[in-house]
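Report on the structure given below.
Bear in mind the structure is a predicted one, so any value in this text is a computation, not a measurement. Convention: sequence-line order gives letters A, B, ...; per-chain numbering from 1.
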2 protein chains.
Amino acid sequence: MADPTNRPRHVALAVVLQVRDGRLRVLLDGNCLPGGELRAGETLESCVRRHLGRREPAHVEQLETRSDPKRNPQTWELASAYLGLVPADETLPGDWSPVTRLPRLVHDHGAIVFAGRARLRAKLSYTNVGFALAPAEFTISELREIYVAALGHDVSATNLQRVLVRRGVLEPTGGQRESGRTGGRPAALFRFSSREIAITDQFAVLRPPA
Amino acid sequence: MADPTNRPRHVALAVVLQVRDGRLRVLLDGNCLPGGELRAGETLESCVRRHLGRREPAHVEQLETRSDPKRNPQTWELASAYLGLVPADETLPGDWSPVTRLPRLVHDHGAIVFAGRARLRAKLSYTNVGFALAPAEFTISELREIYVAALGHDVSATNLQRVLVRRGVLEPTGGQRESGRTGGRPAALFRFSSREIAITDQFAVLRPPA
DNA sequence: GCAAAAGTGTTGTGTCTACACCCATGT
DNA sequence: ACATGGGTGTAGACACAACACTTTTGC
């Protein structure tokens with residue numbers, strides 16, 4: 001049996017992402033990701049949630065566990081990273097840095113942020129995770145801005161609507177948004193049909209026979 | 001700072017999968033997954049490889065870290081699970097149990113095996129991981145048997161070949177397999193073009209504009 | 001010639017992109 | 001009327017599933 005005094009520190013870290021002002025932003029605590037050491041009796045996920053407190057994401061999932069013995073030069077420390085997503089209309093306290101303009105972060109925290117963004121970008125395409133970045137109700141062009149900021153490339157509102165409605169991810173609420181001062185047809189309001197994550201694009205190409 | 005005598009044990013576990021005799025099998029150490037406690041100076045991945053020794057998988061990737069404080073009733077123990085894949089033509093020592101006929105495993109090891117199988121099934125569809133389950137050279141029907149065992153459903157040899165060749169995942173070696181005693185056209189031999197994992201099905205539906 | 005196994009041709013379907021066009025509002 | 005923003009119609013590209021058909025072998 002290993003000497004219990006010679007065990008690594010274990011921290012849980014959160015990459016909490018939100019789109020605001022047309023930019024994908026990450027929550028920072030100074031030059032660190034929020035998080036801290038795992039306590040007895042809690043899971044990694046509850047540790048992450050404890051450190052986030054009231055800044056509760058609409059979706060949380062595990063990303064990866066980093067174990068390079070030199071990742072923290074001070075001490076032997078493992079880090080389990082989580083991805084958290086916050087709807088665009090919530091204003092939460094804290095330091096929200098654009099992911100494209102990160103300050104220098106401690107240890108491997110910068111790499112962990114990019115891993116979180118990569119996971120989000122992939123899942124926006126084949127799941128309904130968008131629900132965790134969007135307000136409860138929104139127009140297609142508002143949703144489009146969120147997708148553009150998160151994906152980092154242009155998205156056609158026409159096709160975004162059709163893809164998500166065809167898949168049953170979005171449904172119209174029946175409501176409408178008033179036109180702006182400059183006119184234009186009032187936009188229909190939509191919501192996500194489910195606020196539980198699900199795979200909506202069955203990309204499996206080697207499907208079971210019908 | 002936390003009292004270092006009050007830190008959890010941390011083990012790395014391996015879900016090593018191989019197709020043999022038309023079945024997907026997992027390497028067991030008795031009623032446990034192979035693995036053991038992380039040592040100072042090593043990463044989780046090197047810990048896994050150390051415990052596997054000569055039984056070296058063609059592909060290794062991290063699965064997930066389990067942290068339920070009661071997962072091991074004896075002691076506070078985190079487990080980071082890895083997926084390893086071994087080509088069908090290698091005969092490695094050890095106890096290889098069919099995944100569909102697992103014995104009762106300790107703690108959450110059974111659930112971890114199923115998580116590994118789920119990861120494999122997903123990645124067989126949109127990456128070239130097949131290389132890690134297949135021999136260096138093979139016929140399409142040999143590859144088909146591997147896919148059938150791993151995916152758990154029928155796969156058409158015709159379409160398997162076309163999908164993988166179209167994507168550039170497979171290439172003909174030029175060689176042929178002799179016909180069996182019972183006749184039949186000799187089968188062409190193929191190899192995987194790359195033995196590095198890569199995403200081959202760009203399922204991203206919200207693609208950047210051309 | 002016949003059975004067996006491998007491989008190709010072809011048709012149909014579903015999902016996506018792109019772009020033209022139509023709709024509803026404010027000034 | 002016309003500008004502005006929202007929404008629909010439609011055609012083309014592509015990848016895949018299914019299945020008929022052809023090729024190459026052993027007996």
Side-chain angles (χ1 to χ4, degrees), chain A residues 22 124-128 137-148 151 153-191 199-210, chain B residues 124-128 130 137-148 151 153-191 199-210:
Chain A
L124 276 177
S125 281
Y126 68 91
T127 72
N128 63 346
E137 295 198 340
F138 45 85
T139 68
I140 296 295
S141 41
E142 289 162 2
L143 187 64
R144 174 178 167 278
E145 284 173 36
I146 291 173
Y147 274 67
V148 167
L151 292 172
H153 67 248
D154 198 30
V155 172
S156 141
T158 298
N159 293 331
L160 180 65
Q161 179 189 9
R162 276 208 272 239
V163 167
L164 297 183
V165 170
R166 182 175 343 107
R167 292 183 179 173
V169 173
L170 290 191
E171 58 188 27
T173 67
Q176 282 196 339
R177 182 86 83 214
E178 289 169 6
S179 300
R181 267 178 278 291
T182 126
R185 177 171 167 175
L189 292 175
F190 289 81
R191 71 169 78 90
I199 292 179
T200 56
D201 178 20
Q202 222 50 46
F203 47 77
V205 77
L206 303 163
R207 285 189 204 92
Chain B
L124 276 178
S125 281
Y126 68 91
T127 71
N128 63 347
E137 295 198 341
F138 46 83
T139 68
I140 295 296
S141 40
E142 289 163 2
L143 187 65
R144 174 180 167 277
E145 283 174 36
I146 292 173
Y147 274 68
V148 167
L151 291 172
H153 63 70
D154 197 31
V155 173
S156 143
T158 298
N159 292 332
L160 180 66
Q161 179 189 10
R162 277 208 271 239
V163 166
L164 297 183
V165 170
R166 185 179 340 108
R167 290 181 180 174
V169 172
L170 290 191
E171 58 190 22
T173 67
Q176 282 196 340
R177 182 86 84 216
E178 289 168 7
S179 300
R181 271 177 277 289
T182 127
R185 177 172 171 173
L189 292 175
F190 287 81
R191 72 167 77 89
I199 292 178
T200 56
D201 178 18
Q202 222 50 47
F203 46 77
V205 74
L206 304 162
R207 286 188 203 94

What nitrogen or oxygen pairs link the protein and nucleotides 24-27 of chain C at under 3.5 Å?
from, atom 1, to, atom 2, distance (Å)
C/dA24, N3, A/R185, N, 3.2
C/dT25, O2, A/G184, N, 2.8
C/dG26, O4', A/G183, N, 3.4
C/dG26, O3', A/R181, O, 2.7
C/dT27, OP1, A/R181, O, 3.1

Give the rounded distance in Å between these two atoms: [atom1] of [X] and [atom2] of [N].
X      : N      : atom1 : atom2 : result
B/N159 : C/dT13 : CG    : C1'   : 13 Å
B/E178 : C/dA6  : CD    : C1'   : 16 Å
B/F190 : C/dA6  : CZ    : P     : 12 Å
A/Y147 : C/dT17 : OH    : P     : 13 Å
A/Q161 : C/dT15 : CD    : C1'   : 16 Å
B/L164 : D/dA17 : CG    : P     : 11 Å
B/R144 : C/dG7  : CZ    : C1'   : 14 Å
A/L170 : D/dG6  : CG    : P     : 16 Å

Point-to-point distance, once rounded to the nearest 0.5 Å, from [atom1] of [X] to [atom2] of [Y]:
X      : Y      : atom1 : atom2 : value
B/L143 : B/R191 : CG    : CZ    : 14.0 Å
A/T173 : A/L189 : OG1   : CG    : 4.5 Å
A/L164 : A/N159 : CG    : CG    : 10.5 Å

Margin query: Tell me whether B/R144 contacts the main-chain N or O of B/V155 through its side chain, where contact means a donor paired with an acceptor under 3.5 Å.
Written below: yes

Next item on the list: State which of D/dT10, D/dA17, D/dA18 makes the closest approach to the side chain of A/R162.
Entry: D/dT10

Shortest non-hydrogen separation from [X] to [Y] and the atoms involved:
X      : Y      : value
A/F190 : A/Q161 : CZ-NE2, 3.6 Å
A/A187 : A/T139 : CB-CG2, 3.5 Å
A/G184 : A/S179 : O-OG, 2.6 Å

Check: Hey, is the side chain of A/R177 pairing donor to acceptor with the base of D/dG6 inside 3.5 Å?
Finding: no

Next item on the list: Scan B/A188 against the nucleic acid and name what it touches under 4.0 Å (heavy atoms): base, sugar-phosphate only, or nothing.
Entry: sugar-phosphate

Next item on the list: Quick one: label B/T158 by what it contacts on the DNA or RNA (base, sugar-phosphate, nothing), any heavy atom closer than 4.0 Å.
Entry: base

